[in-house]
Amino acid sequence: MDPSYCRRSKSEDEFALFVLPTLGEHSYSSRRPMHTSILTGARRVNEILNGHEDLCKTHFRMETDIFQALVQKLRENDRLVDGRDVSVEEQVAIFLYALSKNATNDTLADWFQHSGQTISYYFGEVLSEITELYSVYIRPPSLHPHPILSKEKFYPFFMVCINAYGQVRVT
C-alpha cells in the first residue's frame with residue numbers, strides 16, 4: 001500500500017472533531033409528547049357539531065342532525081360506548097373524516113390529537129359496527145323490475161344484466 005495514501009483528509013478529521021462533541025449535547029433518548037395542541041379531538045368535534053352548519057358537511061360529508069342520528073344509532077344496544085379518552089361522537093368523527101378526506105393514520109392522529117394506535121383501534125371499531133348495520137338499512141333490490149325496463153326502447157340494453165355479485169343474469 002502506498003504510504004502517502006490517506007483514507008480521510010485532515011479537514012474531514014477536523015470536521016469530525018468539531019461536530020461529534022456538539023452531537024453529544026443533544027439527548028435523542030428523551031421522549032417528548034407529540035400531540036400537544038390545545039385543540040383536542042373532542043374539542044374539535046364539538047366545535048364542528050356546534051358551529052356553522054356547513055362545517056359538518058365539509059369535514060364529515062354529512063349534516064349535523066344525520067351525524068347525531070348515526071351516533072345515537074351506534075349507541076343503541078351498546079354497539080359503541082365511550083372510551084376512556086374518546087367519546088362515540090369522536091370515534092364516528094374519526095371514521096367519517098378518514099373516509100371523506102382519504103386521510104392517513106398520521107393525519108388523523110395529528111388532527112384528533114391521539115396516537116396512531118388509538119386512531120386505528122377506533123376506526124376499526126366503527127367500521128365493524130357500520131358493517132353490522134348495513135343489513136338493516138341497505139336492502140337488495142326487489143324482485144319487481146324497474147319501470148324503465150317495461151319500456152320497449154330501453155329493454156334491449158338491460159337484457160343482460162350483471163348483478164352486484166358479478167353474475168350475469170338474462171332477463
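Remember, predicted model here, so these are calculated numbers, not experimental data.
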Please evaluate residues Ser87 and Glu90 with respect to the criterion side-chain contact (heavy atoms from CB on, under 4.5 Å), reporting the C-alpha separation (whole Å), side-chain torsions for both, the decisive distance (0.1 Å), and the verdict. CA-CA 5 Å; Ser87 67; Glu90 192 175 354; 3.7 Å; yes
side-chain contact (heavy atoms from CB on, under 4.5 Å) for Leu49 and Val45? Distances and angles first, verdict last. CA-CA 6 Å; Leu49 294 178; Val45 171; 3.8 Å; yes
Lys57 vs Glu63, test: side-chain contact (heavy atoms from CB on, under 4.5 Å). Steps then yes/no. CA-CA 5 Å; Lys57 286 184 201 174; Glu63 294 175 356; 3.5 Å; yes
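Contact record, Ser115 with Ala109: C-CB, 4.2 Å, taken as the closest heavy-atom pair.
Note that CD1 of Ile48 and OH of Tyr97 are 8.0 Å apart. Values are rounded to the nearest 0.5 Å. Put simply, CG on Leu127 and CD on Gln91 are 13.0 Å apart, with the number rounded to the nearest 0.5 Å. Taken from CD1 in Ile94 to CG in Asn105, the straight-line distance is 9.5 Å, to the nearest 0.5 Å. With rounding to the nearest 0.5 Å, the separation of CG in Asp85 from CZ in Phe112 is 14.5 Å. Rounded to the nearest 0.5 angstrom, His114 NE2 and Leu108 CG are separated by 11.0 Å. Once rounded to the nearest 0.5 Å, the distance linking NE2 of His59 with CG of Leu55 reads 5.0 Å.
Checking each of Val71, Leu70, Asn77 against Leu74 for a side-chain contact (heavy atoms from CB on, under 4.5 Å) leaves exactly one that passes, namely Leu70.
Around atom CZ of Phe123, more than 12 heavy atoms belonging to other residues, nucleotides or ligands sit under 6.0 Å away.
Criterion: ILVMFWY side-chain heavy atoms under 4.5 Å apart, direct or through other members. Under it, Ile119 and Val81 are not part of a common hydrophobic cluster.
Thr131 places a side-chain N or O within donor-acceptor distance of the main-chain N or O of Ser128, the cut-off being under 3.5 Å. One N or O on the side chain of Ser120 and one on the backbone of Gly116 form a donor-acceptor pair closer than 3.5 Å.
Within the structure, salt bridge (charged side-chain N to carboxylate O under 4.0 Å, His left out) pairs that include any residue of residues 93-116 do not occur (at least two apart or interchain). Sorted by first then second residue, the salt bridge (charged side-chain N to carboxylate O under 4.0 Å, His left out) pairs that include residues 119-138, not counting sequence neighbours, are Arg79-Glu129. Applying the ring-ring contact (aromatic ring centres under 6.0 Å, His included) definition to pairs two or more places apart or across chains, those involving residues 60-81 are Phe60-Phe67.
Residues passing the side-chain hydrogen bond (donor to acceptor under 3.5 Å, both in side chains) test with Thr58, sequence neighbours excluded: none. Glu76 pairs by the salt bridge (charged side-chain N to carboxylate O under 4.0 Å, His left out) definition with Lys73, not counting sequence neighbours. Partners of Tyr122 by ring pair (Phe, Tyr, Trp, His ring centres under 6.0 Å), not counting sequence neighbours: none found.
In summary, Arg75 and Glu89 engage in a salt bridge, as defined by a charged side-chain N under 4.0 Å from a carboxylate O.
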